[in-house]
Amino acid sequence: MAEYPPEILAAARPEVTASASPARPRRRGGPSPSAVVALRVASVALFFAGWWLVSLLNAHVVKVFNPVLLPDPLVVLEAGVKLAASGELIEHVAASLARVVQGFLVAAALGVLAGMAVGRSRVLEHLVDPALEMLRPIPPLAFLPLMVLWFGIGEASKVAFIAYAAFFPIFTTTVEGIKYVDPLLIRAAASLGAGDRRIFWHVVLPAATPSIITGLRLGFGLSFFVIVAAEFIAADRGLGFLINDARTFFLVSNMLLGAAVIGLIGFLFNVGLRRLEGYLLRWRRDSRGRA
Amino acid sequence: MSTGAPKIVVERVSKTYEPDVLALTEVGLALAENSFTCLLGPSGCGKSTLLNVIAGFVEPTTGRVLVDGREVTGPGADRGVVFQEYALFPWRTAAENVEFGPMIQGLPRAERRGVAERYLALVGLAEHGAKYPAELSGGMKQRVAIARALANHPSVLLMDEPFGALDAQTREVMQEELLRIWQQERKTVVFVTHSISEAVFLADRIVVMGTRPGRIKEVADVALEHPRERSSPGFVALERTLKSLVREEVARLGIA
């Protein structure tokens with residue numbers, strides 16, 4: 001369980017997902033929209049200022065620990081520029097991204113297809129569910145060394161590992177989405193002359209889409225989450241490798257750089273996926289409140 | 001009123017839900033083509049169950065329903081259904097909802113568009129076709145649902161407390177609209193309601209249903225001319241008669 005960050009666990013519970021509607025009402029007495037932007041910018045600025053301050057104070061005023069352990073943000077940025085200029089950084093990013101995307105795509109295809117099948121069939125559900133429930137609590141990392149044995153030290157083991165980790169949220173949310181389609185919508189479609197097949201394609205699948213998209217987003221997050229660990233163990237490229245390799249040479253700024261780049265990529269992807277979600281689920285927006 | 005064979009025949013229909021809950025017992029009805037029938041009664045009288053049996057959503061424990069002489073074995077495009085909760089497909093715009101039936105029937109896209117436009121205009125929503133259900137009020141949603149049912153050209157329109165979730169003002173407007181549409185489209189309508197005034201305003205036949213077990217208590221033909229005036233003596237007198245009939249059933253439930 002230590003593997004999953006709390007927000008992923010929380011979002012994986014259907015009731016929490018359901019209440020996370022895009023139209024979030026403003027709390028009474030909350031700050032104005034412009035103040036919200038200012039506060040959010042301040043949050044990031046304060047974080048960097050705090051980091052900088054601690055690092056500078058420790059280096060020049062009161063020495064609490066070895067300054068090498070916490071370089072200031074500028075030093076990390078410098079390391080980044082240097083690595084980027086040499087072309088090394090982009091190589092690591094590309095390696096990690098390729099693994100994440102491949103592993104995620106495998107998980108998405110298997111998770112959605114299996115979820116659709118299990119969501120439609122009670123028999124299949126009872127056949128598949130207990131086995132998956134048995135595997136689910138085991139942190140995917142526990143299988144990483146095994147996967148290296150099975151799939152070799154190359155790309156396959158990393159892709160398989162990511163696919164395994166990302167499969168669960170995608171599969172689960174797809175099953176839930178298919179299973180809990182409003183039966184009234186199915187009745188409505190049937191009374192309009194639709195047979196089982198048409199109902200599945202034109203009612204069940206679109207009705208389950210919000211749930212499936214949530215699963216894909218969680219799955220993508222997990223892919224990023226586990227790639228670093230996979231690259232710690234067996235890799236000669238990638239952001240996880242960058243961090244682990246820097247540790248061997250005590251290059252703390254490179255370690256921080258690796259983490260920062262992972263954060264940045266994850267953030268950008270999440271923004272992109274949210275955009276895509278907003279577009280695909282534009283019908284959920286209640287625009288009656290719009291002027 | 002009825003010319004030839006009735007449109008809908010309900011033959012000794014009973015429905016038992018497990019465990020041993022008798023929702024309907026030995027219900028028999030014959031409804032004429034193009035008639036407007038209201039099933040009236042308190043909750044628990046089985047009026048929605050009866051409608052669901054006619055719609056083909058619920059299989060009767062005994063007995064059967066015939067529509068145009070053919071036994072009902074499941075839902076079908078010949079019987080359009082309008083639900084209290086609208087049951088619009090939220091990911092489809094109003095127009096796309098109306099197009100659903102024609103799409104299933106395999107009508108080309110351009111023709112579907114035309115059908116949707118025509119029926120949205122019929123329910124007074126010509127300008128709202130591009131909106132999603134989330135952007136529509138309750139009354140507008142129900143108009144779309146009615147247009148969606150009609151666009152499929154069913155000969156029977158089954159309505160399950162369609163205006164039950166609407167406020168009183170909207171409700172009266174919708175009743176008038178429905179009568180206008182019914183006079184234009186001529187369908188055999190079965191309309192479930194627990195509102196006596198709604199039944200008297202709309203129906204040419206009111207089937208009062210009783211409870212424990214669900215059954216037909218009385219059938220009243222309404223001879224009042226359309227448009228009906230809610231304060232006319234005939235209207236009020238019929239309302240009063242029906243009220244006492246329904247009251248008896250509510251008293252039997254012991255919750256009044």
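First the proteins, then the strands, lettered A, B, ... as listed; each starts at 1. All values derive from a computational prediction rather than experimental measurement. We use all heavy atoms of the structure for the numbers below, so side chains are in, but hydrogens, waters and symmetry mates are not.
- Nearest heavy atoms, B:Ile104 versus A:Arg198: O-NH1, 3.4 Å.
- For chain A, the nearby part of B:Asn52 is the side chain; its heavy atoms alone come within less than 4.5 Å.
- Within 6.0 Å of CD in B:Glu71 there are more than 12 heavy atoms belonging to other residues, nucleotides or ligands.
- Of the two parts of A:Arg187, the backbone and the side chain both hold a non-hydrogen atom closer than 4.5 Å to a non-hydrogen atom of chain B.
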Would you sort out whether B:Glu135 and A:Trp283 count as a side chain to side chain contact (heavy atoms under 4.5 Å, CB included), showing the intermediate values?
CA-CA 9 Å; B:Glu135 300 171 286; A:Trp283 48 270; over 6 Å; no
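- Among residues 109-132 of chain A, no residue has any heavy atom closer than 4.5 Å to a heavy atom of chain B.
- With a 6.0 Å radius and a threshold of 12 heavy atoms from other residues, nucleotides or ligands, B:Arg113 has its CZ atom at or below the threshold.
- No more than 12 heavy-atom neighbours from other residues, nucleotides or ligands sit within 6.0 angstrom of CG on A:Asp196.
- Counting heavy-atom pairs closer than 4.5 Å to chain A, the top residue among B:Ala87, B:Gly101, B:Gly74 is B:Ala87.
- Under the side chain to side chain contact (heavy atoms under 4.5 Å, CB included) criterion, B:Thr25 pairs with B:Ser14, B:Leu22, B:Pro213, B:Arg215, not counting sequence neighbours.
- Atom CH2 of B:Trp91 and atom CZ of A:Arg282 lie 13.5 Å apart (nearest 0.5 Å).
- Environment of OH in A:Tyr180: sparse, with no more than 12 heavy atoms of neighbouring residues, nucleotides or ligands closer than 6.0 Å.
- By the neighbour-count criterion of 12 heavy atoms within 6.0 Å, atom CZ of B:Arg186 is densely surrounded, having more than that number from other residues, nucleotides or ligands.
- Of the listed residues (B:Arg92, B:Glu85, B:Met103), the greatest number of heavy-atom pairs within a distance under 4.5 Å of chain A belongs to B:Met103.
- For B:Leu158, no part sits under 4.5 Å from any heavy atom of chain A, backbone or side chain.
- Counting non-hydrogen atoms of neighbouring residues, nucleotides and ligands closer than 6.0 angstrom, the CD atom of B:Gln183 exceeds 12 such neighbours.
- Annotation: B:Gln184, atom CD; neighbour count of heavy atoms from other residues, nucleotides and ligands within 6.0 Å is above 12.
- Contact check for B:Phe100 versus A:Val203: side-chain heavy atoms found under the 4.5 Å cut-off.
- Among the candidates A:Leu185, A:Leu280, A:Thr209, the residue making the largest number of heavy-atom pairs closer than 4.5 Å to chain B is A:Leu185.
- The CG atom of A:Leu184 sits 5.0 Å away from atom CZ of B:Phe83, with the distance rounded to the nearest 0.5 Å.
- Closest non-hydrogen pair, B:Ala77 versus A:Gly193, comes out as CB-CA, 3.9 Å.
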A:Leu192 and B:Asn152: side chain to side chain contact (heavy atoms under 4.5 Å, CB included), yes or no, with the steps?
CA-CA 7 Å; A:Leu192 290 166; B:Asn152 215 22; 3.8 Å; yes
